[in-house]
Amino acid sequence: MKTHFMRKTADLTATAALCCCMAISTAILGASLAFLTSKGWGALTWEFITEPPRAGMTEGGIVTPIVGSVQLIAVSMAFAFPVGILTAIYFNEYAADGTLTRLLRLAIRSLASVPSVVLGLFGFAFFCSFLRFGVSLLSAGLTLGCLAIPTLITAAETALQNVPQDFRDASYALGATQWQTIYRVVLPSALPSIITGGILCVGRVAGETAPIMFTGAVYFSPGFASSIFDTVMALPYHIYVLATAGTQIDKTGPIQYGTILVLLALTLGISMTGIVARSHMRKKL
Amino acid sequence: MDGAKLKTESLSMAYSANAPYALKDISVDVAENSVMAFIGPSGCGKSTFLRCLNRMNDFVGGVRVEGRVLLDGSDIYAPEVDVTALRRKVGMVFQRPNPFPFSIRENVAYGQKLLGERNKSRLDEIVESSLSSAGLWEEVRDRLNEPAVSLSGGQQQRLCIARAIAVSPEVLLMDEPTSALDPLATARIEELVRELKKDYTVAIVTHNMQQAARISDATAFFLMGELVEAGPTTGIFTTPSDPRTEDYITGRFG
């Protein structure tokens with residue numbers, strides 16, 4: 001009887017502990033969302049997202065950093081997408097399974113865990129100084145791209161591995177070369193899930209501050225960047241500036257929380273698009 | 001030349017330098033415009049043998065091939081041979097239907113597009129004639145732009161046959177093409193194979209002895225990487241010369 005009682009107690013305790021931890025995780029998200037919404041909701045108006053900042057950023061909106069963030073995403077993906085996919089193709093289709101390949105894979109996994117501030121300093125030293133791109137949209141976009149590449153490679157490799165060997169066999173048996181097989185059969189089959197991986201990656205890149213603060217994001221810019229060598233404002237850096245450099249906190253506070261809500265909506269929105277696209281494609285397969 | 005379209009001379013093959021031979025000293029002739037069946041228990045090397053005939057085993061790293069495989073008298077393992085050109089001459093149909101995730105039309109046109117054919121009316125002609133030869137045209141003529149995976153398993157396999165013959169091969173290799181199909185679909189494929197030998201030379205691997213007896217002109221029996229005997233199908237099935245062949249076809253093992 002005692003054992004039965006003890007088993008029952010252990011079972012209840014475990015259930016309670018699991019529920020408790022789940023509640024804590026959810027509460028973190030819920031509480032931060034509630035806090036940010038209560039602080040920033042009042043700032044969200046149509047003017048807020050369509051007008052540039054005014055009066056030392058104590059008035060006006062945030063359209064300049066919104067556009068700047070979108071431009072940064074575009075530059076980073078234009079760089080990271082091809083490099084990531086082609087690297088994944090090399091690993092999955094060409095590289096022999098040897099020590100060198102394993103070392104290279106390890107190097108890429110390690111790149112994924114490099115802190116973003118380190119990448120930011122690397123971007124400053126390499127893109128801004130060494131390649132003379134200066135502090136610019138281009139340098140910042142490339143640095144963000146470096147952050148996205150390892151994740152993209154992993155996503156693309158998984159997608160390529162999931163292309164059935166049958167397709168490759170059928171293509172080779174029809175007299176296709178390796179590149180024809182990759183270009184005409186393997187890539188088109190894998191592309192939907194590669195794109196999904198890319199979208200999830202964009203969501204992450206959009207929220208990064210450290211890689212862009214030395215390389216291209218600025219405190220204030222009177223207009224949009226019209227060339228890749230211009231500097232840009234960006235949402236995450238704008239938040240950082242508002243939170244640390246302002247003296248009129250009563251005026252910049254609401255703008256800061258409003259900006260946070262917009263950035264959250266942007267990154268969550270992008271990630272949700274990726275997740276929905278992925279589940280949609282899983283259903284189709 | 002002795003009328004053999006495809007011929008192997010003392011063909012031996014191992015999957016790596018130190019591995020034991022998967023095929024040992026196989027010499028066999030496949031006559032032009034005939035169907036030759038390769039039978040034997042699982043793991044006897046019949047599929048491996050088939051994949052030597054269009055060099056699909058090349059992808060296995062370190063594979064070792066000895067002896068010769070002659071197509072129209074010339075060795076397909078000679079150093080100057082272009083493997084992609086060889087595979088266009090020696091087409092292949094696989095065990096499981098493996099259409100590409102494209103439309104029916106794109107599947108059939110694939111091989112021609114690899115060759116750089118861009119002319120749409122020419123491609124349409126080839127798609128129609130190939131699907132007709134594979135006995136599928138009437139069933140799919142109104143839905144050529146639908147995805148190939150929307151077809152039934154048997155239709156998919158006939159689509160794969162159409163795709164293979166769209167590049168005008170001379171030889172068709174079929175690796176257990178009906179093992180994933182139901183009896184009705186199997187009957188359609190068998191009928192098709194008998195039709196195809198008018199234009200092509202067919203080598204077919206099958207685990208189904210009745211199938212070999214129904215569709216082939218000649219049969220070769222493999223056992224543990226060796227060719228036990230080969231000859232006209234009627235002879236193999238009525239008066240096998242080797243006791244092991246008799247044991248196998250009477251169902252004593254395998």
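Sequence lines set the chain letters: A, B, ... in the order given, protein chains first and strands last, and positions in each chain run from 1.
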So which residue, A:Ala173, A:Ala176, A:Pro164, ends up with the most heavy-atom pairs under 4.5 Å with chain B?
A:Ala173

Heavy-atom cut-off 4.5 Å, strictly under: side chain, backbone, both or neither for B:Pro99 against chain A?
backbone

Ring centroids only, cut at 6.0 angstrom: are A:Phe122 and A:Phe126 within range, meaning strictly under it?
yes

Salt-bridge contact B:Asp124-B:Arg105 (side-chain N to carboxylate O under 4.0 Å):
yes

N-O pairing of B:Glu128 and B:Arg141 below 4.0 Å:
no

Looking only at heavy atoms, which two atoms of B:Thr201 and B:Asn33 are closest? And how far apart?
OG1-N, 3.1 Å

Relative to chain A, which of B:Met56, B:Arg88, B:Arg55 shows the most heavy atom pairs under 4.5 Å?
B:Met56

Starting from the C-alpha separation in whole Å, work towards a yes-or-no answer on side-chain contact (heavy atoms from CB on, under 4.5 Å) for B:Asn208 and B:Thr178.
CA-CA 9 Å; B:Asn208 179 333; B:Thr178 62; 5.8 Å; no

Is a salt bridge present between B:Lys7 and B:Asp29, judged by a nitrogen-to-oxygen distance below 4.0 Å?
yes

Could you walk me through whether A:Val185 and B:Phe102 pass the side-chain contact (heavy atoms from CB on, under 4.5 Å) check?
CA-CA 9 Å; A:Val185 176; B:Phe102 314 148; 4.3 Å; yes

For chain A, find its close neighbours in residues 152-167 of chain B: heavy-atom separation under 4.5 Å, sorted by number, or none.
B:Arg163, B:Ala164, B:Val167

Using heavy-atom distances under 4.5 Å, tell me whether B:Lys89 contacts chain A through its side chain, its backbone, both, or neither.
neither

For the backbone of B:Arg188 and the side chain of B:Glu191, can you confirm whether one donor and one acceptor N or O come within less than 3.5 Å of each other?
no

